[in-house]
Each structure stands twice: as C-alpha cells, then as structure tokens.
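Quick notes on the structure that follows.
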Amino acid sequence: MKRQAYQPILITDASRSQDDQLTSRQKRYVLMMGIRVACLVIGAVLVVVKAPLLWLWLPLCGLGMVLIPWLAVLLANDRPPKEQHRLAGKFQPRHRDETPPMALSAEEPPHKVIDAEP
C-alpha cells in the first residue's frame with residue numbers, strides 16, 4: 001500500500017459561516033435603505049429651498065429612491081455560489097475501495113513530512 005502524506009486542513013480555506021453571511025447582507029441592506037432615505041430627504045430639501053437645476057436633481061433623487069430598494073433586496077437575498085452542484089455527484093460512479101487522502105490506518109502513527117529540496 002502506498003503511504004500518503006498527511007495534509008492539514010487550513011482554516012483560511014473554510015467558507016464564511018451562514019451567520020456571518022447573513023449579518024453582512026443585513027448590514028448592506030440597512031446601509032442601502034439609509035441611502036434611500038437620504039435621497040428622499042435631499043429631494044425634499046431641494047424642493048423647499050428651490051435649488052438651481054431642480055429639474056436635474058429631482059429625477060436623480062427619484063431614480064435613487066426607486067433603484068436602491070430593488071438593488072438592496074437583490075443583494076440581501078444573494079448568497080455566495082456553492083462549491084459544486086448538488087446533483088454533480090449523482091451521475092459519477094463512486095469508487096468505494098479508495099481511502100480518503102487524509103485517512104491513516106489504525107496501525108500507522110501520524111508522521112511529520114519534511115520537504116527537502118535538492
């Protein structure tokens with residue numbers, strides 16, 4: 001039997017937890033809704049003070065109030081892509097006689113692998 005080197009799992013390769021993903025999406029949503037409220041307030045202030053170029057600023061504020069909620073909902077419901085499609089393994093034959101790359105037999109103690117370069 002060929003001896004395989006023990007490869008540790010790096011925590012930096014792990015994906016973010018579901019709670020962390022949800023928290024970041026909630027923060028992004030609240031920030032975008034805050035920008036929407038700011039567009040509403042700025043539009044009202046511009047109308048009250050009769051600002052120059054009002055014909056330009058009001059449609060921009062209105063566009064922000066319409067597009068930002070739509071984008072906020074899309075981004076809040078967006079998840080990172082999955083590693084593999086859930087049906088990908090169903091159509092490929094499984095090899096049951098192979099041992100996993102990190103498995104050690106019961107008699108085999110863990111050993112340190114030292115890479116010596118020539």
* Sequence-distant partners of Asp20, side-chain contact (heavy atoms from CB on, under 4.5 Å), two or more places apart ->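 So Asp20 forms a side-chain contact (heavy atoms from CB on, under 4.5 Å) with Arg16, Ser17.
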* To do: List in chain and number order the residues that pass side-chain contact (heavy atoms from CB on, under 4.5 Å) with Leu22, two or more places apart in sequence or in another chain; answer none if no residue qualifies.
  => Arg25, Gln26
* To do: Give a yes or no answer on whether the side chain of Asn77 reaches the backbone of Val73 with a donor-acceptor pair at less than 3.5 Å.
  =>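 Checked: pair present.
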Side-chain polar contacts of residues 27-56 - donor-acceptor pairs under 3.5 angstrom, sequence neighbours left out - could you list them?
{"from": "Arg36", "atom 1": "NE", "to": "Met65", "atom 2": "O", "distance (Å)": "3.2"}

* **Residue pair Val66 / Pro69: nearest heavy atoms and the distance that separates them** =>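 Closest heavy-atom pair between Val66 and Pro69: O-CD, 3.5 Å.
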* Asked: Quick one: CD on Gln18 to OG1 on Thr23, what's the gap to the nearest 0.5 Å?
  ->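 Between Gln18 CD and Thr23 OG1, I get 11.0 Å after rounding to 0.5 Å.
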